[in-house]
Each structure stands twice: as structure tokens, then as C-alpha cells.
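In what follows, a structure is listed as C-alpha cells, so that the remarks can point back to it.
Quick caveat: nothing in here was measured; it's all calculated off a predicted structure.
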Amino acid sequence: MIIAADQLPRLFSAVNQDKHSSEDKSILVLVANGDVDSLCTCAQLESIFKRQDIVHVTVPVENYDEIRSICDMHHLDNAEDLKTVFFINCGAIEDIKRIYNFHHLVRIIILDSHRPVYHGYNTPDE
């Protein structure tokens with residue numbers, strides 16, 4: 001679902017709670033490599049994580065095949081500790097949940113400046 005800017009604090013509060021529900025790294029950040037917007041967004045997000053003492057893993061990615069291999073490596077289809085995956089400047093034009101078969105409890109957050117956006121993200125049940 002696409003959310004409005006005024007809903008971001010509530011979303012981040014939910015992400016912040018993830019750090020209490022996992023002993024391991026509960027947040028994965030996938031960043032489009034070689035994109036200035038991606039690097040700036042990642043730097044801002046990591047600054048927020050640092051201030052909130054949120055442990056996370058950041059992985060630069062080149063393409064969807066590389067994202068798939070990372071998802072397979074982290075076993076995102078049955079991950080218990082992983083609670084949130086951020087896609088920075090990757091993921092908005094595809095149906096990420098269908099392509100990568102995430103565990104139903106994993107929260108997917110896509111921060112992407114690319115257009116067009118996959119139309120399925122406009123429904124409230126996503």
C-alpha cells in the first residue's frame with residue numbers, strides 16, 4: 001500500500017519495535033547500487049537507525065537477480081528473526097511479494113523514486 005507522509009512516523013514506530021522482537025538483525029536494507037538518490041536515502045536511513053540503536057544489514061544490489069540470491073541467502077521465505085526489508089530505489093515497478101515469496105510476517109518497505117509504480121501497491125491489503 002502506498003502511504004502518505006503523515007503516516008511515516010507510525011510506520012517507523014513499528015519498525016523500531018522490531019528491534020525488541022529479535023536477538024539477531026531484524027532489518028535488511030537492499031540498496032540500488034550506483035544511484036545517487038539511493039546512497040543519500042541509505043545514509044539518512046542509517047543515521048536514523050544509529051540514533052535509535054537499530055541493528056540492521058545493508059546490502060548493495062545491482063539487479064533483480066541479485067536481490068533474488070540475497071533473499072535466498074537470508075531465507076526470506078521462512079525467516080523468523082527478519083521482520084522488515086527496506087528496498088531503496090528498487091522494487092517499486094515490480095510485485096516484490098510475488099517475485100520473492102517473502103514470509104507473510106515480513107514487512108516490506110519500498111522507498112523508490114522510480115516510476116511507474118506497480119499498480120498493486122495502491123490497494124489497502126498490500
Side-chain angles (χ1 to χ4, degrees):
M1 155 173 62
I2 297 175
I3 65 168
D6 63 339
Q7 295 174 315
L8 288 175
R10 189 177 78 196
L11 176 64
F12 186 74
S13 177
V15 171
N16 197 20
Q17 290 302 311
D18 290 346
K19 72 180 179 185
H20 302 295
S21 62
S22 174
E23 293 179 13
D24 201 6
K25 296 176 177 86
S26 62
I27 299 172
L28 174 63
V29 181
L30 301 174
V31 184
N33 196 12
D35 184 314
V36 174
D37 290 342
S38 301
L39 298 176
C40 293
T41 302
C42 184
Q44 292 172 348
L45 190 60
E46 288 190 342
S47 175
I48 292 169
F49 288 162
K50 184 176 180 179
R51 283 192 305 254
Q52 298 292 326
D53 293 323
I54 297 175
V55 179
H56 65 284
V57 175
T58 300
V59 181
V61 295
E62 291 285 337
N63 53 47
Y64 284 109
D65 290 334
E66 194 169 328
I67 293 172
R68 185 181 316 281
S69 67
I70 290 166
C71 290
D72 290 343
M73 182 176 66
H74 287 275
H75 306 288
L76 299 185
D77 55 344
N78 61 5
E80 292 182 20
D81 286 336
L82 186 70
K83 304 298 181 197
T84 304
V85 179
F86 282 87
F87 286 84
I88 298 179
N89 266 6
C90 53
I93 61 174
E94 300 286 340
D95 183 359
I96 293 298
K97 284 186 173 182
R98 183 184 57 77
I99 293 173
Y100 300 111
N101 193 28
F102 290 103
H103 188 274
H104 70 282
L105 296 177
V106 174
R107 180 185 302 110
I108 308 298
I109 300 173
I110 300 171
L111 306 171
D112 200 330
S113 61
H114 299 106
R115 299 294 178 262
V117 174
Y118 168 68
H119 66 85
Y121 294 140
N122 291 324
T123 60
D125 62 335
E126 285 293 314

- Message: Under the rule for salt bridge (Lys or Arg N to Asp or Glu O under 4.0 Å), what residues qualify as partners of R107, not counting sequence neighbours?
- Response: D18

- Query: Nearest 0.5 Å, what's the CG-CG distance between N89 and N33?
  - Reply: 12.0 Å

- Task: With rounding to the nearest 0.5 Å, note down the distance linking CD1 in I88 to CD in E46.
- Result: 7.5 Å

- Residue pair A32 / S38: nearest heavy atoms and the distance that separates them: O-CB, 3.2 Å

- Message: Within this structure, what is the CZ-CD1 distance for the pair F12 and I54, rounded to the nearest 0.5 Å?
- Response: 4.0 Å

- State which residues pass side-chain hydrogen bond (donor to acceptor under 3.5 Å, both in side chains) with T41; sequence neighbours excluded, sorted by chain then number. none

- Item | Test side-chain hydrogen bond (donor to acceptor under 3.5 Å, both in side chains) applied to S13 - qualifying residues, sequence neighbours left out | none

- Task: Of all the heavy-atom pairs spanning T58 and C42, show the shortest one and how long it is.
- Result: CG2-SG, 3.7 Å

- Query: side-chain hydrogen bond (donor to acceptor under 3.5 Å, both in side chains) with E66: which residues, sequence neighbours excluded?
  - Reply: none

- Nearest 0.5 Å, what's the SG-CG distance between C90 and L30? 6.0 Å

- According to a 4.5 Å side-chain heavy-atom criterion applied to Ile, Leu, Val, Met, Phe, Trp and Tyr, with indirect links allowed, do I110 and L39 form part of one hydrophobic cluster? no

- State yes or no: do L45 and L8 share one hydrophobic cluster built from I, L, V, M, F, W and Y residues joined by side-chain heavy-atom distances below 4.5 Å, directly or via other members? yes

- Query: Under 30°, 30 to 60°, or over 60°: which ring-plane class applies to F86 and F49, parallel, tilted or perpendicular?
  - Reply: perpendicular

- Output the distance between atom CD1 (I27) and atom CG (N16), rounded to the nearest 0.5 Å. 8.0 Å

- Message: Applying ring pair (Phe, Tyr, Trp, His ring centres under 6.0 Å), can you list everything that pairs with F87, at least two apart in sequence or on another chain?
- Response: none

